[in-house]
J.: 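Have a look at this one.
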Protein chains: 2
Amino acid sequence: MASGASPQKQANAVSRRARKDQTRANLLQAALTLMGEGRSFTSLALREIAREAGVAPTAFYRHFRNTDELGLALVEEVGITLRRLLREARKMDVAPRDMLRRSVSVYQDYVKLNRLPFVFISSERSGGSRILRLAIRNEVTHFTNEMAQDFRLLGLYPNLPTASLQMVCSMIVMTMLAAATDILDLPPDQALLEAEMSENFVQQLKIILFGATHWDQDLAALSAKPGRKDEA
Amino acid sequence: MASGASPQKQANAVSRRARKDQTRANLLQAALTLMGEGRSFTSLALREIAREAGVAPTAFYRHFRNTDELGLALVEEVGITLRRLLREARKMDVAPRDMLRRSVSVYQDYVKLNRLPFVFISSERSGGSRILRLAIRNEVTHFTNEMAQDFRLLGLYPNLPTASLQMVCSMIVMTMLAAATDILDLPPDQALLEAEMSENFVQQLKIILFGATHWDQDLAALSAKPGRKDEA
DNA sequence: ACACATTGTGTATGATTGTTCACTGAAAAA
DNA sequence: TTTTTCAGTGAACAATCATACACAATGTGT
């Protein structure tokens with residue numbers, strides 16, 4: 001019995017801490033759920049979140065000082081969701097036939113599977129709370145940088161300068177997030193609309209990647225006169 | 001005096017109707033102002049808007065059934081702002097040297113000059129209220145279509161199929177709106193940051209327009225294997 | 001085994017919310 | 001001139017809000 005000095009310091013420390021973590025998770029999930037029902041974060045009331053989570057309003061303060069702090073915790077959570085997306089993308093075979101279309105399909109499934117986190121990202125990325133907005137943009141920037149790094153490691157676009165690669169990736173991410181809001185607003189059982197949307201999504205990415213491929217070609221000529229191929 | 005049967009039907013009818021229109025405008029402006037201070041639309045309280053507008057809460061009901069209706073009126077107003085932007089863009093000389101950069105500069109000024117409407121568009125385009133979100137996306141779609149039509153009339157990208165032209169324009173608009181949120185969040189007196197942002201903006205547009213110019217070239221090849229220029 | 005620490009509850013309070021109602025005063029219509 | 005219309009007011013209502021405090025219950029460390 002009295003063998004170790006302080007036994008079970010973390011070994012069996014599941015009960016109380018785990019319960020606390022659970023209600024904390026419930027609070028976070030409750031906030032996400034409410035936003036999934038078409039509410040903006042800044043319109044969420046503390047009592048409302050607590051009610052949805054099934055705890056007394058005052059229990060909220062055991063976990064967060066105020067709703068803003070909960071919002072930042074939510075940002076961290078969606079950051080994890082984004083990182084997981086990248087990890088799954090890395091598992092994909094590099095350059096099989098029709099890879100772009102397949103990536104788009106995987107992404108669409110991922111968004112639909114993680115509906116609430118993407119609703120949160122979409123609506124609060126340009127949303128009311130400045131603190132939240134900047135925090136989310138920070139996560140998105142990290143996501144973009146990791147994507148650029150993956151491109152480098154995969155040997156894609158080896159001729160592209162790093163700064164340009166980052167810019168290309170930021171365009172891809174911008175397109176992905178724009179597509180996410182479309183996916184989220186898509187009424188279910190509208191296969192035709194969804195197919196149209198996917199096709200648009202694919203073509204947009206094609207344009208961006210086309211630009212990345214021919215980066216050094218004659219992009220500079222565009223600022224002079226777009227549309228006419230001849231002329232000095 | 002008693003010359004016409006019903007005189008002053010519209011001639012001097014400024015007093016009452018004009019006053020009503022004024023307080024209505026005050027309510028709309030009040031809502032925009034509050035959102036400019038970092039609040040989402042769904043978090044705005046009716047009494048709060050009325051207070052900011054300098055009228056009694058009950059006066060609100062003389063103009064709107066509820067806050068949602070005011071939101072839709074706001075969407076109409078920002079639609080006008082977008083149309084005005086297009087009208088000013090049409091006044092620009094076609095194809096002077098460095099036109100793209102100049103367009104970007106004009107757009108930046110326009111966003112800064114119409115801060116509140118763009119804050120509204122940015123935050124509510126993917127925001128909480130579904131009704132508002134769809135209404136704004138509708139306005140943005142109109143804006144995109146008009147832009148595509150202008151491209152046609154100007155003879156830009158004559159070889160591009162209409163559907164593709166619309167897609168390109170939607171990418172341009174997407175980029176513009178993403179840039180708008182950057183512009184709005186930019187701290188003042190940060191010329192360096194602003195210049196970097198502009199440069200990014202310009203390059204993103206270059207990529208899109210480059211894709212539009214070489215649309216028929218070999219975009220299809222991308223889906224096979226991006227990055228390697230050789231190989232079958 | 002026992003004292004402590006901590007998570008969650010219940011109650012209370014003052015402020016603010018949306019909405020109703022009867023009203024006022026001045027512009028418009030007669 | 002007289003009457004009507006109507007934008008805006010102010011008081012009242014029940015509901016909800018954020019937050020504070022004392023308290024209960026229970027796992028944890030000694």
Side-chain angles (χ1 to χ4, degrees), chain A residues 1-31 34-35 37 39-71 73 128-129, chain B residues 1-31 34-35 37 39-71 73 128-129:
Chain A
M1 289 282 187
S3 59
S6 59
Q8 296 161 325
K9 197 171 188 177
Q10 286 186 346
N12 203 13
V14 279
S15 211
R16 191 135 94 171
R17 178 60 181 268
R19 280 164 54 97
K20 175 166 184 177
D21 287 356
Q22 180 59 47
T23 67
R24 190 189 129 105
N26 287 346
L27 286 169
L28 292 172
Q29 183 61 39
L34 289 172
M35 296 212 279
E37 293 168 359
R39 309 272 312 277
S40 67
F41 178 77
T42 51
S43 79
L44 294 188
L46 183 151
R47 298 182 86 103
E48 201 177 3
I49 299 172
R51 196 184 313 136
E52 175 77 26
V55 295
T58 47
F60 185 97
Y61 294 105
R62 302 295 183 189
H63 303 271
F64 309 103
R65 210 192 309 276
N66 47 44
T67 50
D68 275 328
E69 205 168 88
L70 176 135
S129 161
Chain B
M1 286 284 189
S3 59
S6 60
Q8 295 159 326
K9 196 170 189 179
Q10 285 186 346
N12 203 13
V14 279
S15 215
R16 192 136 95 171
R17 178 60 181 267
R19 280 163 56 97
K20 175 166 184 178
D21 287 356
Q22 180 59 47
T23 68
R24 190 189 130 105
N26 287 346
L27 287 169
L28 291 172
Q29 183 62 38
L34 289 172
M35 297 216 283
E37 292 168 359
R39 308 273 312 279
S40 66
F41 178 77
T42 52
S43 78
L44 294 188
L46 183 150
R47 296 182 89 106
E48 201 177 3
I49 299 172
R51 195 184 314 134
E52 176 78 25
V55 295
T58 47
F60 186 97
Y61 294 105
R62 301 295 182 188
H63 302 272
F64 309 103
R65 209 190 310 274
N66 47 41
T67 51
D68 275 328
E69 205 167 90
L70 176 135
S129 162

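Quick note on labels: first sequence line is chain A, next is B, and so on, each numbered from 1. Keep in mind it's a predicted model, so treat the numbers as computed, not measured.
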J.: Report yes if some heavy atom in the side chain of A:Leu44 is under 4.5 Å from a heavy atom in the side chain of A:Thr67; otherwise report no.
T.: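 A:Leu44 does not reach A:Thr67 side chain to side chain.
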J.: Taking atom C1' of D:dT28 as reference, at what distance in whole Å does atom NZ of A:Lys20 sit?
T.: 15 Å
J.: Just how far, in rounded Å, is P of C:dG18 from CZ of B:Arg62?
T.: 18 Å
J.: May I ask you to verify if any side-chain N or O of A:Tyr61 is less than 4.0 angstrom from the OP1 or OP2 atom of D:dT19?
T.: yes
J.: For the helix from C:dA1-D:dT30 to C:dA30-D:dT1, figure out the bend between the end axes, five pairs an end, and round to 10 degrees.
T.: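 Between the first-five-pair axis and the last-five-pair axis there is 20°.
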J.: Nearest whole angstrom, please: distance from the C1' of C:dT17 to the CZ of B:Arg39.
T.: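 Atom-to-atom, B:Arg39 to C:dT17, this comes out as 13 Å.
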J.: Looking at every non-hydrogen atom in both residues, tell me the closest pair between B:Ala50 and B:Pro57 and how far apart they are.
T.: CB-CA, 3.7 Å
J.: Do the non-hydrogen side-chain atoms of B:His63 and B:Glu69 ever get within less than 4.5 Å of each other?
T.: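 The answer is no; the side chains never approach within 4.5 Å.
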J.: Would you indicate whether the side-chain heavy atoms of B:Phe60 and B:Thr23 approach each other to under 4.5 Å?
T.: no
J.: Looking at the base of C:dT7, is there any donor atom on it, or on the side chain of A:Arg16, that sits under 3.5 Å from an acceptor on the other one?
T.: no
J.: Distance check needed: C:dG18 C1' versus B:Asn66 CG, whole Å only.
T.: 11 Å
J.: Kindly give the heavy-atom pair with the smallest separation between B:Ile49 and B:Ala30, and that separation in Å.
T.: O-CB, 3.6 Å
J.: With side chains defined as the heavy atoms from C-beta onward, is the minimum distance between A:Phe41 and A:Asp68 less than 4.5 Å?
T.: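 The answer is yes; the side chains approach within 4.5 Å.
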J.: Whether B:Thr23 contacts D:dA7 is assessed here as follows: a side-chain N or O lying under 4.0 Å from the phosphate OP1 or OP2. Is that the case?
T.: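 So the side-chain polar atoms of B:Thr23 never come under 4.0 Å of the phosphate oxygens OP1 or OP2 of D:dA7.
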J.: Which heavy-atom pair separates A:Asn26 from A:Ala53 by the least distance, and what is that distance?
T.: O-CB, 3.7 Å
J.: Rounded off to whole Å, could you give me the NE2-to-C1' distance for the A:His63 and C:dT7 pair?
T.: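 After rounding, the gap between these two atoms is 7 Å.
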J.: CZ of A:Arg17 versus C1' of C:dG8: gap in Å, rounded?
T.: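 To the nearest whole Å, that distance equals 17 Å.
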J.: Where along residues 42-55 of chain A does a heavy atom come under 4.0 Å from DNA chain C, residue by residue in number order?
T.: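 Heavy-atom cutoff 4.0 Å gives A:Val55.
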J.: Can you name the residues that form a side chain to side chain contact (heavy atoms under 4.5 Å, CB included) with A:Ala59, not counting sequence neighbours?
T.: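 Checked A:Ala59 against side chain to side chain contact (heavy atoms under 4.5 Å, CB included); matches are A:Val55.
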J.: Using side-chain heavy atoms (C-beta onward) and a distance below 4.5 Å, is A:Leu46 in contact with A:Phe64?
T.: no
J.: Rounded to whole Å, how long is the line connecting atom CZ of B:Phe60 with atom C1' of D:dG10?
T.: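 Answer to the nearest Å: 19 Å.
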J.: Could you state the CZ-P distance from B:Arg65 to C:dT20, rounded to the nearest angstrom?
T.: 12 Å
J.: Between the side-chain atoms of A:Thr58 and the base atoms of C:dG10, is any donor-acceptor pair under 3.5 Å?
T.: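 By the distance-only test, yes, there is a pair.
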